[in-house]
Amino acid sequence: MATLITPGQATAFEMIVARAVERGELPDVPRSSRVVNLPLDLLRHDMFMTMRAVSDESIVEIVDEVWLPLLGAPGAPSTPPG
């Protein structure tokens, strides 16, 4: 059975997080691959469930309100807005 991800090869999101850690934008702490790759999973879920393109507003929400707080980004909201 073929896989979509080559075993042992970093995903795009893993590279993004690693570079942010190198720049000092994120703390250097262990993170599960599920957390690191969550934005793509949420995007795929939205597209599959609605069968439409994901809005810019939804993408911003996924990144700013879900992913960055999970990564421990300084200044990321720790509680939902509202």
Practice problem: Considering only Ile, Leu, Val, Met, Phe, Trp and Tyr, and joining two whenever side-chain heavy atoms are under 4.5 Å apart, list the other residues clustered with Val29. | Solution: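 Joined to Val29, directly or through intermediates: none.
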
Quiz item: Which residues, ordered by chain and number, are linked to Met49 in its hydrophobic cluster, where ILVMFWY side chains connect at heavy-atom gaps below 4.5 Å, directly or through other members?
Solution: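 Other cluster members: Phe48.
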
Can you sort out the partners of [X] under side-chain hydrogen bond (donor to acceptor under 3.5 Å, both in side chains), two or more places apart, ordered by chain and number?
X: Glu25; result: Arg23
X: Ser58; result: Ser55
X: Asp41; result: Arg44

Exercise. Find the distance between CG (Asp46) and CD (Glu61) and round it off to the nearest 0.5 Å.
Key: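 Output value for this atom pair is 8.5 Å.
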
Practice problem: Please round to the nearest 0.5 Å and tell me the distance separating atom CD1 of Ile62 and atom CG of Leu68. | Solution: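 So the CD1 of Ile62 and the CG of Leu68 are separated by 12.0 Å.
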
Could you pull out the closest heavy-atom pair between [X] and [Y], with the gap in Å?
X: Val17; Y: Val36; result: CG2-CG1, 3.9 Å
X: Glu65; Y: Pro69; result: O-CG, 3.6 Å
X: Gln9; Y: Glu14; result: O-OE1, 4.1 Å

Quiz prompt | Name of the residue among Val35, Val66, Ile16 meeting side chain to side chain contact (heavy atoms under 4.5 Å, CB included) with Leu71 | solution =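 For Leu71, the side chain to side chain contact (heavy atoms under 4.5 Å, CB included) check succeeds only for Val35.
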
Quiz item: Just by distance, do the side chain of Arg52 and the backbone of Met47 share a donor-acceptor pair under 3.5 Å?
Solution: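 The answer is no, because no donor-acceptor pair under 3.5 Å joins these two groups.
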
Quiz item: Does any pair with a residue in residues 7-29 pass ring-ring contact (aromatic ring centres under 6.0 Å, His included), and if so which ones, sequence neighbours excluded?
Solution: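 Sorted result for residues 7-29: Phe13-Trp67.
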
Quiz item: Within a strict 4.5 Å, meaning less than it, do heavy atoms of the Arg31 and Leu26 side chains meet?
Solution: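 Yes, close enough: below the 4.5 Å cut-off.
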
Quiz item: Any link between Met15 and Val21 through a network of hydrophobic side chains (Ile, Leu, Val, Met, Phe, Trp, Tyr) touching at under 4.5 Å?
Solution: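 In one cluster: no.
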
